[in-house]
Structures are given as C-alpha cells and as structure tokens.
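Here's the structure we're looking at; comments come further down.
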Amino acid sequence: MCPMIERDITSFEARVYEATCLIPRGMVTTYATIGRIIGCRSPRAIGQALRRNPNMPEVPCHRVISSDLTLGGYSGERAGPLLEQKRRLLKAEGVVFVDDRLAKESQLWSGL
DNA sequence: TACAAGCAATAGT
DNA sequence: ACTATTGCTTGTA
C-alpha cells in the first residue's frame with residue numbers, strides 16, 4: 001500500500017519536487033531555473049536534493065540539465081551508463097542531444 | 001546545539 | 001582551465 005517513499009523530506013526538497021514536476025514533457029530546464037522558481041540561488045543544493053531523490057520516479061528529474069546545455073548528471077552520477085539512460089529518456093520525449101549537448105535551445109523551459 | 005564536510009552547478013578571472 | 005561563490009543536507013561530537 002503505502003510505499004512510504006517520501007521519507008522526511010524538507011521544505012526545500014518539496015519545492016524542488018514541485019518545480020521539477022512543472023517541466024512540460026518534451027522540454028528540459030536547468031538547475032538555475034529550478035532555483036529561480038523556488039527561490040534558491042545555489043544550484044548545487046538543487047542537485048543535491050535531486051540526488052537524494054525524495055520521490056522517484058514520480059519526479060522527471062531527467063528533465064533537469066546544466067545551464068551549459070550539457071546533460072549534467074543523473075542519480076548521483078555525472079557520467080556513466082545512468083547518464084546515458086538519461087539521454088535516452090530525453091530522446092524518448094523528443095529532446096535531442098548532440099555531443100552531450102542540447103541540440104535545440106528552443107526546448108529549454110524558461111519557467112513561464 | 002554546534003561545527004565541519006560534501007554536492008547532479010554557475011559565474012567570473 | 002581554474003578558482004570562488006553559494007544554499008542546503010548529513011554526519012559527528
């Protein structure tokens with residue numbers, strides 16, 4: 001029944017979760033944008049919150065990339081098979097990456 | 001309660 | 001390429 005996945009998430013983690021869920025399918029956003037939405041000026045804190053993954057896989061954390069339009073990381077790994085899977089997930093949603101970089105900048109979600 | 005260490009980043013030099 | 005900055009979580013005393 002109750003999978004009790006949420007553990008003792010803090011307010012910060014809840015905000016990150018909410019902001020991440022706001023990302024439309026087929027688009028991506030950056031840690032900085034998420035921080036902008038929840039009012040956090042430290043993208044590292046967001047990466048850490050997502051790394052802990054308070055509620056997986058309900059949260060499309062794979063739609064969060066770096067401001068440099070690079071893939072960033074996934075599940076705590078900044079490189080490796082998991083990151084490759086992240087790319088694959090994004091590709092399945094129509095987001096194309098070339099050379100570990102977002103091909104179309106128009107697919108960036110500005111948080112509007 | 002207090003202090004120290006670490007993190008899926010970003011900006012500036 | 002390298003260093004500094006930054007906010008938040010976790011662990012230890």
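Keep in mind that what you see is a predicted model, and the values were worked out from it rather than measured. Note on naming: letters A, B, ... go to the chains in the order of the sequence lines (proteins, then strands), and numbering restarts at 1 for each one.
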Counting N and O atoms only, with roles assigned by atom type, does the side chain of A:Lys86 sit under 3.5 Å from a partner on the main chain of A:Val64, one being a donor and the other an acceptor?
yes
Ranking C:dT9, C:dG7, B:dA9 by distance to the side chain of A:Thr10, first place goes to C:dT9
Residue closer to the 5' end of DNA chain B, A:Ser66 versus A:Ala45 (nearest nucleotide)
A:Ala45
If you compare every side-chain N and O of A:Arg44 against the phosphate oxygens of C:dG7 (OP1, OP2), does one of them come in below 4.0 Å?
no
Could you give the CG-to-P distance, from A:Asp68 to B:dA9, as a whole number of Å?
11 Å
When you measure from the side-chain N and O atoms of A:Ser42 to the phosphate of B:dT10, is any distance below 4.0 Å, counting only OP1 and OP2?
no
Interatomic distance where CZ belongs to A:Arg41 and P belongs to B:dG12 [whole Å]:
13 Å
Rounded to whole Å, please give me the gap between OH in A:Tyr31 and C1' in B:dC7.
11 Å
State which residue, out of A:Thr20, A:Ile65, A:Ile37, A:Ile34, fulfils the side-chain contact (heavy atoms from CB on, under 4.5 Å) condition with A:Thr29.
A:Ile34
Whether the side chain of A:Glu13 engages the backbone of A:Thr10 through a donor-acceptor N/O pair (distance < 3.5 Å, no angle test) should be reported.
yes
Kindly work out whether a path of hydrophobic side-chain contacts (I/L/V/M/F/W/Y, heavy atoms less than 4.5 Å apart) joins A:Tyr17 to A:Leu22.
no
Determine the contact category for A:Phe12: base if any of its heavy atoms lies under 4.0 Å from a base atom, sugar-phosphate if only primed atoms, P, OP1 or OP2 are that close, otherwise nothing.
sugar-phosphate
Nearest whole angstrom, please: distance from the C1' of B:dC7 to the CG of A:Leu50.
12 Å
A:Arg41 vs A:Arg36, side-chain contact (heavy atoms from CB on, under 4.5 Å): CA-CA, chis, key distance, verdict:
CA-CA 7 Å; A:Arg41 316 189 319 147; A:Arg36 189 184 196 199; over 6 Å; no
Output the rounded distance in Å from CD1 (A:Ile38) to C1' (C:dC8).
10 Å
d(CZ, A:Arg15; C1', C:dT9) in whole Å
15 Å
Donor + acceptor pair across side chains of A:His62, A:Gln85 (<3.5 Å):
no
note: A:Gln48, atom CD; C:dG7, atom C1'; distance rounded to Å ~ 9 Å
Rounded to whole Å, CZ of A:Arg78 lies from C1' of B:dA9 at a distance of 9 Å
So what does A:Gly72 touch, heavy atoms closer than 4.0 Å: a base, only the sugar-phosphate, or nothing?
nothing
Indicate yes or no for a side-chain donor-acceptor contact from A:Arg101 to the backbone of A:Leu69 under 3.5 Å, with no hydrogens or angles considered.
no
Nucleotide-level pairing of DNA chain C, given in dot-bracket where Watson-Crick and G-U pairs need both distances under 3.5 Å and | marks other strands
|||||.|||||||
